[in-house]
Amino acid sequence: MAETVKKIRLATVWLGGCSGCHMSLLDLDEALIDLLTRADLVYGPLVDAKKYPEDVDICLVEGAVTNVENLELARHIRTNTRTVISFGDCAVTGNVTSMRNRIPVSDLLNAVYHEVSAPIGPEALKVLPALLKKVIPLHQAIKVDLFLPGCPPHPERIAAVLQALVNGDDVDLPADMRTFG
Amino acid sequence: MNTVDLQHVAEEEQQRQQQLNLRLFLCYSTPCLSAGAERVKNALDGLCDELDEEQRPTLEIVATGCMGPCSRGPLLRLARCDEPEEIYEKVTPEMACNIVRAALAAQSAAAEPLPSDFPFFACQTLIALENNGRIDPEQIIHSIARGAYSSLGHVLHEMTPEQVCNEITRSGLRGRGGGGYPTGVKWELVRKAQAERKYVVANGDEGDPGAYMDRTIMESDPHRVLEGMAIAGYACGAEQGYIYVRGEYPLAAARLAKAIKDAERRGLLGSRVLDSSFNFRIDLRVGAGAFVCGEETALMTSIMGRRGQPVPRPPYPAQRGLWGFPTLINNVETFASVAPIMREGAEWFAGFGTEKSKGTKVFALCGEVVNSGLIEVQMGTSLRDIVFAIGGGLPDGGTFKAAQTGGPSGGCIPADHLDTPVDYESLQALGSIMGSGGLIVMNETSCMPDVAKFFMEFCMDESCGKCVPCRVGTIEMLELLTRITDGSAMDEDLQTLEDLCHLVQETSLCGLGMTAPNPVLNTLHYFRDEYLAHIRDNRCPAGVCRLDQVPLLKLPEHAEQLTIFKEEH
Amino acid sequence: MSVITLTINGELVSARSGQSLLEAIRDQGISLPTLCYLDGLSTRGGCRLCLVEISGQARLQPACTTTAGEGMVVVTHNDKINRYRKMILELTFAERNHTCAVCVSNEHCELQTLAAELGMDHVRYDYLNPQLGIDISHEKYGVDHNRCILCLRCVRVCDEVEGAHTWDVRHRGIASRVITDLNRPWGESESCTECGKCVEVCPTGALFDKGMSVGEMKKKTNFLRRILDGREKNQWNR
Amino acid sequence: MTKMPSNESATNEKSSHELKLQLLDKALKKCQYQQDALIEVLHTAQETFGHLDEEILDYVSIQLKLPPSWVYGVATFYNFFTLEPQGDHVCVVCMGTACYVKGAGDIIARIEQEFDLKAGTTAADNSLTLVSARCLGNCSLAPMLTLDGAVLGKQTPDSTVAAIRETPATTSVVSEETS
């Protein structure tokens, strides 16, 4: 039976975050093997794919939307993905990434790239994608179907969500698996 | 002073006035003063000094409170014995002198008075404002001559408290501060409450922007308010009253302070009022700039010298008010209607207005209207009559777009509802409220989302911060409205805004939060197209909003909006 | 002590006369969320989470400030109330900088727990990200305004139980901040008795013991009931 | 506070300060040191001293036997009380509905630009304090404002700026509107 079922196309994306959520995903350990018998990882930092593919079933998006590039990618993810999951607190709430929101962007870039030794900032050289005035959680940019909080989300939580989705069940996490932080 | 003395004083003063050949009433309220009333008065005083010994005593100049059509000030009313009164508008010092000289010489003046059937006056019914513009508010004797404190005397000597409450109930008087709660019922509640002490509070914390009815009443006829409070005190069994005046109204506070002192000196307030066994003291409290203090529980905490934050009701003030004692709290205009009701009877008052909204209501008519000013009309008068007959329509050929009533708690009534009778229920049915009586006429250059944003900013700023929905909800609603008016809104923002409006309306602790979403919901209802034009077509139909921001999702195409460091080197 | 009967969620139950509706509801084992309420302190009705539907009342009423009445018919949970509670929590999170991941009270925070319990999994409103300070001038304690939800338990416990009234609130509306004395650094406060009650009753990481790192600050509020019972019911005889 | 007063002016200042304190004491006595009268006392204090600094708030709190944080909370709750010294001129622009729809916002924007300050603050050179008020209740004069207490109706950005520039600086911080 299992053979005839089409494998789920799973993607992961790393926006403005520390990659800790991806580390936690790897901490699924042997459960990963189980998962990958049911799903193909088609895009993300863990696989070698240059372009976000079309027709993705599930996408775990780590990190907040911090710059124009993130925003563009988020739009692209939305058009090509059935279930978009805010993966971890930065995607869900902005979290640590959004702590820069209290500082005006110009001051921020000044402090990072100008007040130290480098004379010309990458922003001026158009190396860095333009920063948004405020870091926003993913759902304020695109519609998000599921929220998987935690900093990082515990592997248990990730497993519970992915298992349910792969089985085609509703995701219903207990309260203690829904906490931020 | 007893009631006989009072009547004697009144009659004496009436006689004195009747003997005068010419009485000049000059409107000395703020709008007329700023239009030059003081210069007119100086000129008239100078003219008096020039008169000979015979003429001078036959003439009197009275600096009065507001006469109504403030946009036509300075206003001068001429009263000669046996002749109809004349009102002159936009009076200059020269004009005034000419008018008076002509009157003294029994000639017709060069200046034309307002026609006697001038609709601004003809369409009004004056009850609360009946003395406005006819007395010097700083002269208690003027008020007494027009019957002040005679109702109080009658009540104290001829009626039981229960009868007074009944009379008010039968008159159908409802709270004029906006809530429209039956006044008699409230009085009865406080009367029946068992307590060692009770209080009466007059709410003069008129905070709605665009409303100045209470200011005018307090400035133009302070004794009227004090008398109403004293009658309420007798009816409810209170011996202490407070009148809370908005901090922005120093003149009203000063006039009330003087009025209280004058009334006490004559035994009309204080111990053994008018030789009865009733004691009633009134203290003045001056606010310090907080809109939320118009809410009755917040007002009471402010009277007690604390942060003006509301407390959940129930218990209502009638049960637990100032310092935990039963407290009657009514609006200034409500109190101003009391003495005439007691004088003329409940049936007389109930003869005005509509089935459910009896009597009259004072409105501050302003905005894009030819005759702006203070008016008093019967409940149920149509909005069209108010704006076009009394107000004289819009200036410069402007088109009526909406009338804003109820300030930040109300809404904008569009042109197709101009024939709505103005009463509590009808306005509520339109998603607005009667409010305290500000009525602002808007033409096609007013943008409704912008107006909604204006009120939301007001509410955000005035929120006391006690409850979460109001404290945070108002700023989040403002954020969404800002996006709509700056061009960065997206379609779904409208839904988020509406949901938030309902939350704040239903879960806020006090009236401020409960009604803060009204201007948004109401304009969304009647002017949804305008919101959509902003969001979908990036267009402000009224031409007010700049719409120079880009919606978030379109930013990748407009990255220049974000680029901070230009290549300057 | 007289007993009254009322209907809660369709069940006829009894309660002590004079009891608050919140207590009556919780006595039935029903969990009703609260943030500003704390047993032993005066009620405030500010967080609006314990709003319930009472038959005959046009508006939702806060259970904490409502006295349970004979014959009351109360609904504590329905779709609308649940939705509103979630929205109110969203607003609370949006107001200040609640970065749970780096908070001293992570995993021991009433706000964080309530969000999970009520299923508030994301905030639709703009995070306001105000610029707020941390005051660690006090020898033993610190206050982080980024985490403060203005429940004012600190103000009340300091006034009502400790009797110092060191805390109060300055300004109003969205600009409200808790302050000590004349808005001076806490460490300079002349009225503070350093008793630490405010820290213990604070539901979030806004007030904390100095030296605590992420997730280390656990509050204990049981002391309050014990002190008050001891005092009021003269359980502590000397 | 870079100004170093000479001994003589220091004594003058001191005695004027004492005089003001006496006025405040009178107000305190008049209300019989009742805590409920806090707002009245703060009104008097502000009229007397121009603003409520920490020293005054502390004094009031001691005299009325109220906790300092309580006094500070009340003083900052109400818009009328200011904890900062006011400028030579105080311009209060009405932002009520009638004034708003008739362009009060433009007036504020223009003053902010001309005098380089934000509404609710005082210019760096102390020449002007700009305040936006909720509604001054003179809607028929819209847009209206008060400059050092005097009512100016039907204003434009130009007329307001001209009025501020033309008004000589007053020595008294508070306008005596009532007597």
Side-chain angles (χ1 to χ4, degrees), chain B residues 30-31 33-35 69-71 73 206-212 214-216 246-254 257 285-291 293 302-309 323 364-368 372-374 404 407-408 438 440 442-443 445-446 451 454-455 458 461-462 464, chain D residues 31 34-44 46-47 64 66 70-82 92 94-105 120 131-142 144-146 149-155 175-179:
Chain B
T30 318
L33 277 173
S34 105
C70 307
S71 56
E206 177 176 57
D208 286 4
Y212 57 103
D214 297 348
R215 173 179 69 78
T216 311
R246 201 171 164 231
E248 285 83 345
Y249 295 167
L251 184 63
R285 286 282 200 256
V286 179
F291 173 70
C293 290
S302 185
I303 286 182
M304 294 185 283
R306 305 172 193 171
R307 290 167 60 85
Q309 290 192 319
W323 295 284
L365 180 62
C366 45
E368 293 296 332
S372 62
L374 204 71
Q404 211 282 339
I440 293 140
M442 297 178 183
N443 65 13
T445 63
S446 286
V451 168
F454 166 78
F455 283 120
F458 178 94
D461 215 44
E462 295 294 342
C464 80
Chain D
C31 71
Q34 280 185 19
Q35 298 179 337
D36 307 330
L38 175 59
I39 294 173
E40 266 66 39
V41 171
L42 291 178
H43 267 304
T44 312
Q46 177 152 312
E47 273 165 38
L64 291 182
L66 282 169
W70 174 305
V71 174
Y72 196 91
V74 171
T76 52
F77 184 87
Y78 296 96
N79 276 353
F80 250 54
F81 299 129
T82 167
V92 184
C94 178
M95 280 288 272
T97 324
C99 293
Y100 180 76
V101 298
K102 291 199 166 192
V131 182
S132 76
R134 277 312 165 193
C135 179
L136 296 170
N138 287 298
C139 312
S140 54
L141 297 175
M144 65 82 66
L145 49 92
T146 67
V151 174
L152 304 180
K154 300 189 174 147
Q155 291 291 296
S175 61
E176 297 272 335
E177 283 191 47
T178 57
S179 50

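Proteins get letters first, then strands, A, B, ... in listed order; numbering begins at 1 in each. On a predicted model such as this, the values are computed, not experimentally measured, just so you know.
Within the 4.5 Å cutoff, no side-chain heavy atoms of D:Y100 are placed close to those of B:P209. Between B:R246 and D:C135 the shortest side-chain heavy-atom distance falls below 4.5 Å. For the pair B:F458 and D:R134, the minimum side-chain heavy-atom distance is below 4.5 Å. D:V101 places none of its side-chain heavy atoms less than 4.5 Å from the side chain of B:Q404. Side-chain contact between B:Y212 and D:S140 is present, with at least one heavy-atom pair separated by less than 4.5 Å. In this structure the side chain of D:Q35 never reaches within 4.5 angstrom of the side chain of B:M304, judged on heavy atoms. Proximity of B:V286 to D:H43: side-chain heavy atoms (C-beta onward) are separated by under 4.5 Å at one or more points. The side-chain heavy atoms of B:R307 and D:W70, taken from C-beta on, include no pair separated by under 4.5 Å.
Neither the backbone nor the side chain of B:F291 comes within contact range of chain D; no heavy atoms are under 4.5 Å apart. When heavy atoms are compared at a cutoff of 4.5 Å, D:L141 approaches chain B solely by way of its side chain, counted from C-beta outward. When heavy atoms are compared at a cutoff of 4.5 Å, B:A211 approaches chain D solely by way of its backbone atoms N, CA, C and O. In this structure, chain D has no heavy atom under 4.5 Å from any part of B:E206. Heavy atoms of B:C464 lying under 4.5 Å from chain D belong to its backbone as well as its side chain. With a 4.5 Å cut-off on non-hydrogen atoms, B:L374 does not touch chain D at all. If you measure heavy-atom distances from B:N443 to chain D, you find no contacts under 4.5 Å at all. Residue contact with chain D, scored on non-hydrogen atoms closer than 4.5 Å, involves the backbone and the side chain of B:R306 alike.
With respect to chain B, the highest number of heavy-atom pairs below 4.5 Å among D:T76, D:V151, D:T97, D:V71 belongs to D:T97. With chain D as the partner, the residue from B:T216, B:D461, B:L365, B:D214 showing the most heavy-atom pairs under 4.5 Å is B:D461. Ranked by non-hydrogen atom pairs under 4.5 Å with chain B, the options D:N138, D:L38, D:V92 are led by D:N138. Between chain D and the options B:S302, B:G373, B:G287, the largest number of non-hydrogen pairs under 4.5 Å is found for B:S302.
B:W323 and D:D36 get closest at one heavy-atom pair: CZ2-OD2, 3.1 Å.
Between the D:Y78 side chain and the B:G308 main chain, a donor and an acceptor come within less than 3.5 Å of each other.
Taken to the nearest 0.5 Å, the SG atom of D:C94 stands 9.0 Å off from the CD atom of B:E248. Of the inter-residue distances, the one linking D:M144 atom CE with B:T30 atom OG1 reads 7.5 Å to the nearest 0.5 angstrom. The distance from the OG atom of B:S446 to the NZ atom of D:K102 is 10.5 Å, given to the nearest 0.5 Å.
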